[in-house]
Amino acid sequence: REPWWLWIVPGLAGAVVLTTFTFAPPRIGVFATFALLIAGQLLVGAVIDATGLFGVDRLPLTGIRMAGLALLAAGAILVLKR
């Protein structure tokens with residue numbers, strides 16, 4: 001017996017990723033699509049770690065981690081510039 005969210009959350013995440021990869025590349029480009037997807041995954045991972053969601057061990061959001069996320073966001077924004 002697994003919790004209900006173990007089935008729902010990955011299914012919804014997969015639907016979002018598939019929809020993104022279907023509609024985003026013609027509009028913003030393939031490279032920008034991948035950059036935003038990876039940046040989003042790492043940001044959500046940092047939030048999950050910091051809050052302890054889904055029963056994982058809590059890892060604090062330190063200054064180094066925040067700086068890394070800021071650099072990642074800056075890189076994703078630069079990729080979107082034409």
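Reckoned from all heavy atoms, side chains included, excluding hydrogens, waters and symmetry mates. Note that the structure is a prediction, hence the values are computed from the model and not measured.
- There is no path of hydrophobic side-chain contacts, each under 4.5 Å, that joins F34 to V16.
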Open item on the list: Applying side chain to side chain contact (heavy atoms under 4.5 Å, CB included) to F54 and L6, what does each step give before you reach the verdict?
Closed with: CA-CA 9 Å; F54 309 117; L6 195 60; over 6 Å; no
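- Distance check: L80 CG to F31 CZ gives 10.5 Å after rounding to the nearest 0.5 Å.
- We find the CD1-CG distance between I64 and L69 to be 11.5 Å, quoted to the nearest 0.5 Å.
- Note that OG1 of T51 and CZ of R58 are 7.0 Å apart. Values are rounded to the nearest 0.5 Å.
- For the atom pair CG of L72 and CD of Q41, the computed distance is 10.5 Å after rounding to the nearest 0.5 Å.
- In the hydrophobic clustering of this structure, W4 groups with L12; members are Ile, Leu, Val, Met, Phe, Trp, Tyr whose side-chain heavy atoms approach within less than 4.5 Å, directly or through other members.
- No single ILVMFWY cluster, assembled from side-chain heavy atoms under 4.5 Å apart, contains both L59 and L61.
- Considering all non-hydrogen atoms of both residues, V30 and P25 come closest at CG2-CB, 3.9 Å.
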TODO: May I have the step-by-step check of side chain to side chain contact (heavy atoms under 4.5 Å, CB included) for V17 and L37, ending in yes or no?
DONE: CA-CA 8 Å; V17 169; L37 178 72; 3.9 Å; yes
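- Counting non-hydrogen atoms of other residues, nucleotides and ligands closer than 6.0 Å to CZ of F21 gives a total above 12.
- If you run side-chain contact (heavy atoms from CB on, under 4.5 Å) between T33 and each of I38, V79, I28, only I28 comes through.
- Going from atom CG of D49 over to atom CG of L42 covers 10.5 Å, rounded to the nearest 0.5 Å.
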